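Shown next, in structure tokens, is the structure this report addresses.
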Number of protein chains: 2
Amino acid sequence: MTLNQLRTLLAIADAELNISLAAARLNATQPALSRQLRQIEEELGFQVFVRHGKSLAQITRAGGEVLARARAVLGEVRNIEALAANHRRETRGTLRVATTQALGRFVLPAALGRLRARFGAVQLRLRPGGGEECLDLLERDEIDLALVSTEGERPAGDVALPLFRWNRALVALPGHPLAGGNAPLSLTQIAQYPLIAADTATQADFKMGRAFREAGIEPNIACTARDADTIKTFVRLDLGIGIVAEMALTPEDEDLVRLPAAHVFPGCITWAILRSDRIQRDYVFELLRELAPTLSREEIDRVIHGERGLDLTSRIAHWAA
Amino acid sequence: MTLNQLRTLLAIADAELNISLAAARLNATQPALSRQLRQIEEELGFQVFVRHGKSLAQITRAGGEVLARARAVLGEVRNIEALAANHRRETRGTLRVATTQALGRFVLPAALGRLRARFGAVQLRLRPGGGEECLDLLERDEIDLALVSTEGERPAGDVALPLFRWNRALVALPGHPLAGGNAPLSLTQIAQYPLIAADTATQADFKMGRAFREAGIEPNIACTARDADTIKTFVRLDLGIGIVAEMALTPEDEDLVRLPAAHVFPGCITWAILRSDRIQRDYVFELLRELAPTLSREEIDRVIHGERGLDLTSRIAHWAA
DNA sequence: ATCACTTACGAGCTGCGTAAGAATT
DNA sequence: AATTCTTACGCAGCTCGTAAGTGAT
């Protein structure tokens, strides 16, 4: 059994049993993979994939177990490689991050810019997605790090490091009826006008929506959008008041009026989720420190190295640009 | 990085940094291992072993981490091999058991004999040792299975399966003053005569010794021995009453008188200890079933596959030849 | 007819063991 | 002097890619 044979098995499984596709992904030829597959199946003594004629149809029961173990093997091999790269102060590498839109668009760029100073040659693979999607990618070991936000609660995942707190903000055109006053707005006042919110805001488990529901108020959601940029565009078209993460308001948005909303919507926390069974490259730690400057290296280490009970939510600060 | 390179690293580390010895154990030549070592160190970018002149002196800090991960990799590879061997109903294989003397001498042979019927070609590697030694060997992944006895309590180890209960028995020559009566013996009566016990009986944490101590009685331990055979020999020389595990009394010992001792000494339980991170060959399950006939395959499975809280001590029976 | 896997073949690389060399103890 | 690791060399085996073959849709 060789590592390449195991890599072949996983590549084929991950390419939906298409050997040619798997070969292309591994920068190899298709006959090479066919041979590797034949050899490992010979050694195992049974087929990993069920053949339908000349193509592969499905994974055998025993094959599935082998694949799971093969993932563990290659994961540990990657751990050794990460370990070694850290030790020799390697600055090259890949950083695979899955994150929600607001974080990827408004928070990560600055942090990654600072990261570039020390790790110039890191290839970033940024994958946008919803919170659950990001955690799924982590589960499938396709990313190193998931960045997700919650309305306070600890997200799933075996290593969850809180990074910073943030609130939602309302944005309106300067001419909007609510834009002038200085007094804090009530839910009732807000609900009198059309609102523009994120797609996720309509989900039942979202506490923001619950804030309205519990107050017995039916908000008037004029439209929803997938990203904060779109929301701001709609606000500029005078379609309503926008509800966005405060990080989404940049100096370029000075044409809009920002209305505080921390008192009506629940506070949010952004978390970094990692796998406890993977050794992280140093630049992952560096990125985490960029994102959570109030945490000490030691606190981050303790969480990442599996201290489950440790609650650092009281140690993190509010987000600052 | 190849599996052979990792195997080389571990072999050298396990051979106390003697490359020649490691090569012999791997059935390879010494230059081959030197080359493998040079190559992996080149790839890692740092030395795994500190050189003192031309020989290896110690393991570097980073090297130690690599070695630990390499063990994980090769352990998972062994898992795949076990998985495959089970699936193709392979009857050959190796069974590495560490066990205390009484179990290895009086209990295992019969069970292994029955095992031979289904798995004729299994190579047995039996390593005798004290209870702690056996657990250490398991910790170091040098055995598949440790068989140890306790005075009731669950031993250390992440998978501990209770197998059967047993009691100690007293053996005496037919002419001995205590050998005639039918009434159960008291500790006081026993302590009036020289005793022959196992080495372990003198250890402070042994409840058997505590039974005497708590009764305020100082037993007269005439001599101690490492194994039950020796104890019986001493009994035959009329040096005293022997205290042995009941399993150690065979039909061949009919020249000796057996005196029940269950009422004065604590009852014992024999456990199988396994690693939760290793896939076991089918014959390991088979051996466990031989040793614990009252447990169902499903109960054994549940304990082995990591159900930590499950307490099967109420499900096991008293030992029967 | 096209797509996908298999088989055949020749080239290049890798890894081994033998043998000789060098540095410690 | 003995031990142990390193270097050099030549051979064997492995794995690759190209190209042709085969079966299925």
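Predicted model only: the values in this text are computed from it and were never measured. To find a chain, count down the sequence lines: A is the first, B the second, and so on, and within it residues start at 1.
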To the nearest angstrom, how far is [X] atom [atom1] from [N] atom [atom2]?
X	N	atom1	atom2	answer
Leu26(A)	dG17(D)	CG	P	11 Å
Phe49(A)	dC5(C)	CZ	P	11 Å
Leu33(A)	dT6(C)	CG	P	11 Å
Asn4(A)	dC13(C)	CG	P	17 Å
Met1(B)	dT14(C)	CE	P	17 Å
Leu37(A)	dA4(C)	CG	P	16 Å
Gln39(A)	dT6(C)	CD	P	12 Å
Arg7(A)	dT15(D)	CZ	P	14 Å

Does [X] reach a base, just sugar-phosphate, or nothing at all? Heavy atoms under 4.0 Å.
X	value
Gln30(B)	base
Asn18(B)	sugar-phosphate
Leu17(A)	sugar-phosphate
Gln5(A)	nothing

* To do: Scan side-chain atoms only and decide if Gln123(B) and Arg125(B) contain a donor-acceptor pair under the 3.5 Å cut-off.
  =>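 Checked: Gln123(B)/Arg125(B) side chains pair up, N/O donor to acceptor below 3.5 Å.
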* 5'-most by nearest nucleotide on DNA chain D - Gly53(A) or Asn27(A) ->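 The answer here is Asn27(A).
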* To do: Verify the neighbour count for atom CD of Glu142(B): are there more than 12 heavy atoms of other residues, nucleotides or ligands below 6.0 Å?
  =>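 Counting other residues, nucleotides and ligands, CD of Glu142(B) exceeds 12 neighbours.
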* Asked: With a 3.5 Å cut-off and just heavy-atom distances, do the side chain of Arg51(A) and the base of dG23(D) make a donor-acceptor pair?
  ->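 Checked by distance alone, the answer is no.
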Output the single nucleotide from [options] whose closest atom is nearest the side chain of [X].
X	options	result
Ser20(A)	dC5(D), dT6(C), dA4(C)	dA4(C)
Ser34(B)	dA4(C), dC5(D), dC16(D)	dC5(D)
Lys54(B)	dT7(C), dA22(C), dG17(D)	dA22(C)
Ile19(B)	dT6(D), dT15(D), dC9(D)	dT6(D)

* Hey, which sits more toward the 5' end of DNA chain C by its nearest nucleotide, Arg35(B) or Pro31(B)? =>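 The 5'-side residue here is Arg35(B).
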* Look up atom CD in Gln5(A) and atom CD1 in Ile80(B), then write down how far apart they are to the nearest 0.5 Å. => 10.5 Å
* So, is Thr29(A) near the phosphate of dG17(D), with a side-chain N or O under 4.0 Å from OP1 or OP2? ->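 Yes.
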* To do: Report yes or no: does Arg127(B) contribute a side-chain atom to a donor-acceptor pair with the main-chain N or O of Arg96(B) at less than 3.5 Å?
  =>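 Answer holds: no.
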* Asked: Closest approach of Ile143(B) and Cys134(B), non-hydrogen atoms and distance?
  ->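 Looks like CD1-O, 3.6 Å.
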